[in-house]
Amino acid sequence: MRLLPGITTTRARVSGALAQAKQARDYGIRECALFVTRLEPVERFSLYQGLRRLRLLTFPFVHARSDMSADEYALLTRQFGADRFNLHPARQRAHNGELGADLRRRIFIENLPPPDGLQSADLAGFAGICLDLSHLEELRR
């Protein structure tokens, strides 16, 4: 098992994510998880350009978005070493692009907060569950 620090886009858009990546690089960290949750396509590609300029980070895990195409997954794999991804279930956010079987085997589906939960149909054809502990804590409360 390995733990990956996360580069997030929840509060700070592209500039914030790039600042986080530079900080990781400055601390000697070479691989992180990448969360592009709040970025629209134009912003994501701007982020990818900025990350390419850093050249020192890889992202074996990416929290993907439902509007990503198979080409964008391929770019993340080729440019940044992305190997595993997660998505929200299609019933929460419809997946816009065609995700081939090989790609789906590398995508985990995130559990949903209450009251929606996760259903077995949400996982059909995907790699499995990506457990978001904050959603479990919501359920516990």
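Taking the side chain as every heavy atom from C-beta outward, Asp67 and Arg44 approach each other to under 4.5 Å. With contacts defined as side-chain heavy-atom distances shorter than 4.5 Å, the pair Phe61/Phe35 qualifies. Phe45 places a side-chain heavy atom less than 4.5 Å from the side chain of Leu75. At a threshold of 4.5 Å between non-hydrogen side-chain atoms, the residues Ile107 and Asn86 do not count as touching. You'll find the side chain of Leu34 reaches within 4.5 Å of the side chain of Leu47, heavy atoms only. In this structure the side chain of Thr9 never reaches within 4.5 angstrom of the side chain of Val14, judged on heavy atoms. Side-chain atoms of Phe59 and Leu57, non-hydrogen and from C-beta on, do get closer than 4.5 Å to each other. Contact of the Arg13 side chain with the Leu39 side chain is registered, since non-hydrogen atoms from C-beta on lie closer than 4.5 Å.
Note that CG of Leu18 and CZ of Arg25 are 10.5 Å apart. Values are rounded to the nearest 0.5 Å. For the atom pair Leu99 CG and Arg106 CZ, the distance stands at 11.0 Å (nearest 0.5 Å). The distance from atom CZ of Arg84 to atom OG1 of Thr77, rounded to the nearest 0.5 Å, is 10.0 Å.
Side-chain atoms of Asp132 do not come within 3.5 Å of backbone N or O of Asn111 as any donor-acceptor pair. Side chain of Gln79 to backbone of Arg52: no donor-acceptor contact under 3.5 angstrom is found.
Under a 4.5 Å side-chain heavy-atom criterion applied to ILVMFWY residues, the cluster that includes Ile29 comprises Tyr27 as well.
Residues passing the side chain to side chain donor-acceptor pair (under 3.5 Å) test with Tyr48, sequence neighbours excluded: Glu72. By the salt bridge (charged side-chain N to carboxylate O under 4.0 Å, His left out) test, Asp83 pairs with no residue at all, sequence neighbours left out. The salt bridge (charged side-chain N to carboxylate O under 4.0 Å, His left out) test applied to Asp102 returns Arg105, not counting sequence neighbours. Considering only residues two or more places apart in sequence or on other chains, Arg2 meets the side chain to side chain donor-acceptor pair (under 3.5 Å) condition with Glu31.
Residue Ile7 comes nearest to Cys32 through the heavy atom pair CG1-CB, 3.9 Å, listed as atom of the first residue, atom of the second, then distance. Shown here for Leu118 and Glu110, the closest heavy-atom pair between the two residues is CD1-O, 3.7 Å. For the residue pair Ser66 and Leu87, the shortest heavy atom distance occurs at N-CD2, 3.8 Å. When all heavy atoms are compared, the tightest approach of Ala70 to Leu103 is CA-CD2, 4.4 Å. Closest heavy-atom contact between Ala64 and Val36: CA-CG2, 4.4 Å.
Linking ILVMFWY side-chain heavy atoms closer than 4.5 Å, directly or via other members, places Val62 and Tyr73 in a single hydrophobic cluster.
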Donor-acceptor pairs under 3.5 Å, side chain of residues 123-131 to any protein atom, not counting sequence neighbours: which ones?
none

